[in-house]
Amino acid sequence: MSQQIPKEQAIRSLVKASVSSFASGFETRHVAEVDDPNGTINMKVHNVFIAVLGTDIQYYTALVRSLDSSLGNMLERLAIAIAELSYTVSNEVTGYLTVEQTNEIARLLEAYKRRTKRPEVADYEALLGLGNGETRSARHDSDYYLHDAETGDHYLIELKIGGDLDNKKARSEKEALLEQYTILRNALGPDHRVFIRFATAYNRFGEGAAWKQERVRQFFADDELLIGRDFWDFVCKSDDGYALVLDEYKKNAPLIIDALNNIKGVYLEH
């Protein structure tokens with residue numbers, strides 16, 4: 001119990017600092033761009049079909065689109081910072097791939113695409129040990145490569161804030177993760193456990209509701225998903241991680257609301 005309190009305080013401090021820094025930076029950047037025709041908001045207000053609905057709506061929609069993108073980036077950085085409290089975090093894997101492994105990855109992806117096979121975790125276990133001949137050196141960037149020193153487990157995670165991907169992107173994300181998995185297993189050896197995960201920062205269907213993003217499920221097994229609550233619990237390495245992050249975020253959210261009001265006032269009064 002004595003270890004849990006400092007970790008909770010650390011997580012809360014990270015959330016508070018992230019929200020405060022985000023609100024300040026978001027406001028400063030947009031206010032500074034008010035006279036810049038190439039500024040983020042000014043470049044988003046030229047939809048004539050929205051403009052005829054009124055100036056307030058015109059700038060509000062532009063501001064919200066910018067907020068959605070910037071907030072997603074902040075949440076990605078926050079998740080990494082929180083993960084570093086419990087895991088060793090890297091952003092790349094290096095090693096090699098065999099020709100046979102590359103071909104097997106392509107075969108699996110095509111089967112998923114044609115729906116002749118549902119994805120299963122067991123699918124990529126078959127990649128190990130394939131090929132004794134030609135290899136190629138490989139390096140892959142990773143959203144999150146986490147190593148749990150307590151269990152020895154390795155995790156390769158692709159985070160998409162809302163998880164809304166089309167089929168082409170879902171396929172390419174799974175391909176990248178399968179390549180990372182194979183490179184890492186080749187480098188570590190068969191005695192190390194490596195897991196693939198596709199994650200979202202929130203459940204776009206509502207927390208607690210079934211996550212029905214079929215374009216993603218076409219390429220990812222249920223066991224590979226970390227959706228909303230499950231993702232934050234995982235990076236916090238706590239069953240209360242999601243509740244903790246959301247509680248602290250709510251406490252500091254007025255900073256973002258104030259920033260948005262200030263930005264809107266500057267643009268509408270300009």
Side-chain angles (χ1 to χ4, degrees), residues 76 79 83 87 90 93 95 97-98 100-130 138 140-148 151-237 239 241-242:
E76 289 184 4
Y87 305 91
S90 306
V93 295
L97 285 168
T98 69
E100 290 82 1
Q101 287 171 332
T102 301
N103 291 340
E104 178 62 10
I105 289 172
R107 188 194 69 78
L108 284 173
L109 293 170
E110 189 64 20
Y112 300 157
K113 175 186 175 182
R114 295 180 181 275
R115 298 184 186 274
T116 58
K117 185 178 192 335
R118 291 290 296 178
E120 300 177 72
V121 171
D123 293 344
Y124 45 81
E125 289 292 333
L127 292 167
L128 303 182
L130 277 181
H140 234 298
D141 291 331
S142 174
D143 274 8
Y144 300 83
Y145 164 26
L146 308 183
H147 176 227
D148 186 335
T151 65
D153 293 339
H154 301 257
Y155 297 89
L156 295 164
I157 302 174
E158 180 68 28
L159 173 64
K160 295 298 178 189
I161 297 301
D164 189 13
L165 299 178
D166 60 30
N167 278 21
K168 289 183 180 179
K169 289 183 179 178
R171 175 175 175 151
S172 64
E173 299 295 0
K174 186 57 178 283
E175 180 178 22
L177 283 170
L178 285 174
E179 289 187 353
Q180 291 172 46
Y181 170 88
T182 308
I183 293 167
L184 190 56
R185 287 300 299 271
N186 287 344
L188 293 174
D191 295 332
H192 293 264
R193 299 203 306 172
V194 179
F195 301 93
I196 285 175
R197 295 291 184 263
F198 178 90
T200 70
Y202 64 92
N203 186 341
R204 63 192 298 263
F205 299 100
E207 193 56 51
W211 194 73
K212 300 174 289 186
Q213 182 54 278
E214 279 304 315
R215 288 172 299 215
V216 175
R217 286 184 175 276
Q218 184 177 348
F219 290 92
F220 288 87
D222 288 348
D223 290 344
E224 295 175 318
L225 302 177
L226 287 173
I227 305 302
R229 177 185 298 275
D230 290 341
F231 171 68
W232 292 106
D233 285 353
F234 176 82
V235 296
C236 293
K237 207 175 179 182
D239 292 339
Y242 174 77

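Bear in mind the structure is a predicted one, so any value in this text is a computation, not a measurement. In what follows, every heavy atom counts, from backbone to side chain, and hydrogens, waters and symmetry copies are set aside.
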Exactly one of R217, R118, R197 clears salt bridge (charged side-chain N to carboxylate O under 4.0 Å, His left out) with D222, and that residue is R217
Value for CZ (F231) from CD1 (I157), rounded to nearest 0.5 Å, stands at 6.0 Å
**Item:** Stepwise side chain to side chain contact (heavy atoms under 4.5 Å, CB included) test for K237 and D148
**Value:** CA-CA 10 Å; K237 207 175 179 182; D148 186 335; 3.0 Å; yes
Note to self: Using only atom types and a distance under 3.5 Å, with no angle test, would you say the side chain of E125 pairs donor to acceptor with the backbone of A122?
What the structure shows: no
- Query: With a 4.5 Å limit on heavy-atom distance, are the side chains of E224 and F219 in contact?
  - Reply: no
CD1 of I105 to CG of L97, rounded to nearest 0.5 Å, is 6.0 Å
Next on the checklist: What I want to find out is whether E104 reaches R107 closely enough, with some N-O distance under 4.0 Å, to be called a salt bridge.
Outcome noted: yes
The reported gap from CD in Q213 to CZ in F205 (rounded to nearest 0.5 angstrom) is 5.5 Å
task: Check the angle between the aromatic planes of F234 and Y87 and answer parallel, tilted or perpendicular using the 30° and 60° thresholds.
output: parallel
Note to self: Using modelled atom types and a 3.5 Å cut-off, is there a donor and acceptor pairing between side-chain atoms of T200 and backbone atoms of G228?
What the structure shows: yes
Closest heavy-atom pair, V121 versus A221, reported as atoms and distance to 0.1 Å, is N-CB, 4.3 Å
So CG of L127 and CG of L178: to nearest 0.5 Å the spacing works out to 6.5 Å
Correct closest heavy-atom pair for G152 and H154 would be O-CD2, 3.2 Å
Without swapping roles, check the side chain of D123 against the backbone of P119 for a donor-acceptor pair under 3.5 Å. no
Do K117's NZ or CZ and the ring of Y112 fall within the cation-pi criteria of under 6.0 Å and 45°? no
(Q) Pair N186, T182 - check side chain to side chain contact (heavy atoms under 4.5 Å, CB included), show working. (A) CA-CA 6 Å; N186 287 344; T182 308; 3.9 Å; yes
Exactly one candidate in R215, R171, E173, Q218 meets side chain to side chain contact (heavy atoms under 4.5 Å, CB included) with L165; the answer is E173
Rounded to the nearest 0.5 angstrom, the CG-NZ distance for L109 and K174 is 7.5 Å
Output yes when a side-chain donor or acceptor of E179 lies under 3.5 Å from a complementary backbone atom of A176, and no otherwise. no
Are Y181 and L184 close enough, and set up right, to give a side chain to side chain contact (heavy atoms under 4.5 Å, CB included), and what steps lead you there? CA-CA 5 Å; Y181 170 88; L184 190 56; 6.0 Å; no
- Message: Does the plane of the ring in F198 sit parallel, tilted or perpendicular to the ring in F220? Use 30° and 60° as the thresholds.
- Response: tilted
task = Give a yes or no on whether the backbone of I227 and the side-chain of N203 come within a donor-acceptor separation of less than 3.5 Å.
result = no
Hey, is CG on D166 packed in by over 12 heavy atoms from elsewhere, all under 6.0 Å? yes
Between Y144 and A79 the two heavy atoms that sit nearest each other are OH-CB, 3.4 Å
Tell me, with the steps shown, if L156 and F195 meet side chain to side chain contact (heavy atoms under 4.5 Å, CB included). CA-CA 6 Å; L156 295 164; F195 301 93; over 6 Å; no
In this structure, OH of Y155 is separated from CZ of R193 (nearest 0.5 Å) by 6.5 Å
